[in-house]
Amino acid sequence: MPELPEVETVRRGLQPAMEGAAILSVETRRPDLRFALPLDISSRLAGQRIVSLGRRAKYLLVTAQDGTVLICHLGMSGSFRVEEGGAGATPGLFHYERSKDTAHDHVLFHLEGSDGRRARVVYNDPRRFGFMLFAAADGSHPMLDGLGVEPTGNALDGALLASLLAGRKTPLKAALLDQSLIAGLGNIYVSEALWRAGLSPRRAAGSIVTAAGGPTPRTERLAAAVRSVIADAIAAGGSSLRDYMHADGSLGYFQHAFSVYDREGEPCRKPGCGGHVGRIVQSGRSTFFCAACQR
DNA sequence: ACATAGACCTGTTGGC
DNA sequence: TGCCAACAGGTCTATG
């Protein structure tokens, strides 16, 4: 599922159950996801309280009281769900809601909240492209090093975007997907941002900055478009394709607000445009755009 | 540096 | 209905 807005939605959904809770144990039902799970995942975390659940780009960061940081990535199909001990549950006996797809429940965090209620947070991932790894003692990890700017907030302005794209001949689509430039965009939101900015995904990235590497109106439009599409998607609770659910079982609704993604053949939604949404493949992945208004 | 293809996996979808 | 190819929100590696 997850690009930045979906990961942020997951984080917000898990936060109430995880922050402040004590980890009783971590149950792994297979030895690996994309990478081998840490052999000591349970022994390093059991008995500790979770002090924060953070996010960097598409990574979730679980910080325990001794400073240990567990880095989680959801890959393409990873999801978390929270299962509360049912009302009236006695200690040690729980009535967890039955879930449809438990075949791919791979990692279970057994928790005890500060109120003494037990819950479990279950990681499910059919394709197993996700992973969990411990950061180094200082919180760093090679997977986090080299990540670019977050597209949230106002850090990504025209001047910064211009400096990132200057001199690059690679298509805008590829540049925006490059996590070392902007961290958190994925295939959906790149298409959406380029449509909002009225820019072709095929245009050379460096072609929207000045010779000196400064911003142009196109750069400003793209920076604003990236920020707005990410902000709008987070506000909508992310996108729920294929009924992809939140941790509490609810659905995001940004998919209804897609302007071009997965809308091949539909009329362009830009008022007065008259064009149609097309689909091309760039570096092996679908790009949706309107050739009439995206130049 | 950069473009492309392939790899990792399973599940869903659309065409015949 | 069945079968099979194509495709899926990510990212790392190899190869030109």
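Sequence lines set the chain letters: A, B, ... in the order given, protein chains first and strands last, and positions in each chain run from 1.
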Taking only N and O in the side chain of A:H73, is any of them less than 4.0 Å away from OP1 or OP2 of C:dT11?
yes
Check nucleotides 2-4 of chain B against the protein and report each pair of N or O atoms closer than 3.5 Å, with its distance, or say if there are none.
{"residue": "B:dC2", "atom": "OP2", "partner": "A:R168", "partner atom": "NH1", "Å": "3.3"}
{"residue": "B:dA3", "atom": "OP1", "partner": "A:T170", "partner atom": "N", "Å": "3.4"}
{"residue": "B:dA3", "atom": "OP1", "partner": "A:T170", "partner atom": "OG1", "Å": "2.3"}
{"residue": "B:dA3", "atom": "OP2", "partner": "A:T170", "partner atom": "OG1", "Å": "3.1"}

When rounded to the nearest Å, what value does the distance between P atoms of C:dC3 and B:dC9 take?
26 Å
Please measure how far the P atom in C:dT11 lies from the corresponding atom in B:dT12, and state the result in whole Å.
23 Å
Indicate whether OP1 or OP2 belonging to C:dG9 is found under 4.0 Å from a side-chain N or O atom of A:R285.
yes
Is A:S286 close enough to C:dA8 that one of its side-chain N or O atoms is under 4.0 Å from OP1 or OP2 there?
yes
What residues form a side-chain contact (heavy atoms from CB on, under 4.5 Å) with A:A137, not counting sequence neighbours?
none
Would you mind reading off the distance between A:F131 atom CZ and B:dC8 atom C1', rounded to a whole angstrom?
13 Å
Paired with A:T287, the side chain to side chain contact (heavy atoms under 4.5 Å, CB included) test is passed by just one of A:R279, A:R202, A:Q282, namely A:Q282
Looking at A:G237 and A:T9, what are the two nearest heavy atoms and their distance?
C-OG1, 3.3 Å
Taking only side-chain N and O atoms of A:R127, does any of them lie within less than 4.0 angstrom of OP1 or OP2 on C:dG9?
no
Give me the distance, rounded to whole Å, that separates C:dG9 from B:dG14 when you measure between the P atoms they each carry.
15 Å
Which string of ( ) [ ] | and . matches DNA chain B, if you list each base 5' to 3' and count Watson-Crick or G-U pairs only when both distances are under 3.5 Å?
.|||||||.|||||||
Below 4.0 Å: OP1/OP2 of B:dC8 and any side-chain N or O of A:R128
no
Can you give me the closest heavy-atom contact between A:L53 and A:R11, atom names plus distance?
O-NH1, 3.1 Å
Least distance between heavy atoms, A:Q65 atom then A:V51 atom
CA-CG1, 3.7 Å
OP1, OP2 of B:dC9 versus side-chain N and O of A:H104: anything below 4.0 Å?
no
